[in-house]
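Remarks on the structure that follows.
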Number of protein chains: 2
Amino acid sequence: MKLLHTADWHIGRTLNGFSLLDEQQAIFQQILQIAETEQVDGIVIAGDIYDRGVPSTSAVTALNQMLTSLNLEHHFPIYAVSGNHDSAERLNYGRDWLATQGFHLNTRLADAFQPIETPTTQIFLLPFFDPMDARAYYAKQGVDEETVKAIHSISDAMVRVVADMQAHFDPDKRHLLVTHFAVTPSGANPEELTSETTSKVGGLATLSTQQFNCFDYVMLGHIHTRNASPDRERMRYAGSPVKFNVKEANEQKGVDIVTITADQVTHTFKPLQPQTDLVALKAPWEQLTDPDFYDQQPRKQAWFAITIQDFDRSQHLNVRAQLQKIYGTVVELDYEDHHRPTATSRARRQIATLSPDEIVNAFFETVTGKDLSAEQAQLVDQIFTKLSKEHA
Amino acid sequence: MKLLHTADWHIGRTLNGFSLLDEQQAIFQQILQIAETEQVDGIVIAGDIYDRGVPSTSAVTALNQMLTSLNLEHHFPIYAVSGNHDSAERLNYGRDWLATQGFHLNTRLADAFQPIETPTTQIFLLPFFDPMDARAYYAKQGVDEETVKAIHSISDAMVRVVADMQAHFDPDKRHLLVTHFAVTPSGANPEELTSETTSKVGGLATLSTQQFNCFDYVMLGHIHTRNASPDRERMRYAGSPVKFNVKEANEQKGVDIVTITADQVTHTFKPLQPQTDLVALKAPWEQLTDPDFYDQQPRKQAWFAITIQDFDRSQHLNVRAQLQKIYGTVVELDYEDHHRPTATSRARRQIATLSPDEIVNAFFETVTGKDLSAEQAQLVDQIFTKLSKEHA
């Protein structure tokens, strides 16, 4: 059995106010192409399918087209779970019709214990959930109050959830898990997790690899960088297929092809080529505006995030306009100087085009001159995740 | 062939801030029961399935359960269109999976020309659309620019749309139309249309019955009162299954069972019984608080809309509290007096619990002492429909 593992599509996401929908659609076509070339038996989408609980109309239309193409036109089974960015309830709409066509989608913890059975493999689809969801589920199952109340962390909940999945294990089959959480190597300090999407890790205590040892293979979503996989061989992040963040500019995005045999589970990485790449430049003004330098860049064909070094803004006017004339789209503009102005370019941009956490970040940076720490970013994300759930 | 005709479910609607979801779920169970008893061959839902383009999470969950029950658990085919309250794009999500199970849903004009074929009948599903949608569609079809620009009103558009449907008519079959518009008897003045949901008619020029004469039967949605049907025998509104408005308090809600034979199409009305009825009372204070009067009322078992006649508010305190003690839930409280206070009870209610048009209505009434005229209400509805489309 051969599966294509992808995750964190975040359909409808913006990058500093620039829509990524065209890029997401182009990359989808590549994923479809890989699935066809590799003749996979199914596509795994490990959560954060949408970027928001209430996605825009164009995001809904785009996702519908992608999934229709994959499942109904090209007849690939789909194995998907919701992530923390999805509204579990909204994404659940139509679930039972999807299932009739081999599109298996779980958004509720209650649905996660019964695996999808293939002749050789059991696929468990465990959506993102929080400790309160687990408490509600187990209370409804008639588990005694004391035990329910003892579920404090996601780790507490997972012990029980995995045990209840194990009860459904068929010893003659392989056991795969698809889920959407931050998982770190057992024994590692979660603080040391080098995630390039730290601000999106938040809202969660992390889990450790040992909690999932009973599975032959774990296909993860949540962290956008596949290099952050907690176990390179057995528990992997597919990473986001599109660069969502300037910090991911130098990263090679892709998908995993996972091959399951009676003896082993192996994976191969298949790269995705951006249609419009995201290029980060950091150089002094003189270099950025030097033809010998900029002619080396994929200018007008990529999106640029530019940091100007040793820059005295009082000596320049229309900096962004000049750079855009040379490079095309400048999605982010920052300065490294000793004459920091009272507001960065980001904060001056129309606030309506920024996501809530980008606004907090920009404001914090304007005031303090520093980015939010990982811990602070996590707190901000936690608050907005909670708010967005309440309003979803 | 036998069909159950319903429309205007408006799932997620509120009445002056009170959620109608429980009532909608109870009434749904009755509709299901009627479908089973009558052994119908399908359920027609003629638009305004949701109350808003972006419905609440609980509305999404409730609708999903209802449709799953009808189509997947009880195996009724569904024939549905979107109405002006639905977001055509959002409701379209999952459409092609639904169709595999006999749940036929059209939300786009482009899909409306190909009928659903049964052995004896062609069912055309024409969603709500506006003249601009028709222009866009015909421009895409390569129709010349002058002809496209000549489409000004919905009536202009409908001439062409119906002709293009007729091109698909199988002369050996019956032709049914399911759609969602205001239709008046040919020759009638649309202004005289007595609709009890005038404020929701808006945003539309009305159509006339003669435009649909080529169909054997037309199942309409949009007007919430079945008595407003433009042709009692052939072109009927099912009406909303729930009372959404105090003006509908004395109306018997229900569904039509439509029987199609080779010779004729007939309909029978099947009533629905409210779980929590909406009762309108208009009486002087002395009568309202007289046990001989109120013991005759279904108090504590219904929702009450109360108008107090000849009332001097300066002589009374805690009017609402006193009435609620007697009657239970009071969803609307009005006064007929010569000492009108500066704000009605409605305007004092938390603004967050009112829908936009209710807020405008309440404000207008507070300032002028009158309700919005039909024309004014139409204008308000038009504006909010447009805004909600833009933000959907």
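Just so you know, these numbers come straight off a predicted model, no measurement behind them. Chain letters run A, B, ... following the sequence lines, proteins first, then strands; residues in each count from 1. Note: hydrogens, waters and symmetry copies are ignored here, and every other heavy atom, side chains too, is used.
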Minimum heavy-atom separation for [X] to [Y], with atom names?
{"X": "A:Y93", "Y": "B:L91", "result": "OH-CD1, 4.4 Å"}
{"X": "B:T100", "Y": "A:T100", "result": "OG1-OG1, 3.9 Å"}
{"X": "A:R90", "Y": "B:T57", "result": "NH2-N, 3.3 Å"}

*Mark yes when over 12 heavy atoms from residues, nucleotides or ligands other than A:Q39 sit less than 6.0 Å from its CD; otherwise mark no.*
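Not more than 12 within 6.0 Å, no.
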*Quick one: of B:L72, B:N92, B:D96, who has the most non-hydrogen atom pairs under 4.5 Å with chain A?*
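It is B:L72.
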_With chain B as the partner, which of A:N64, A:L63, A:V60 has the greatest number of non-hydrogen pairs under 4.5 Å?_
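Result: the option with the highest number of such pairs is A:N64.
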*asked:* What part of A:T61 gets within 4.5 angstrom of chain B, counting heavy atoms only: side chain, backbone, both, or neither?
replied: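 Only the side chain of A:T61 comes within 4.5 Å of chain B.
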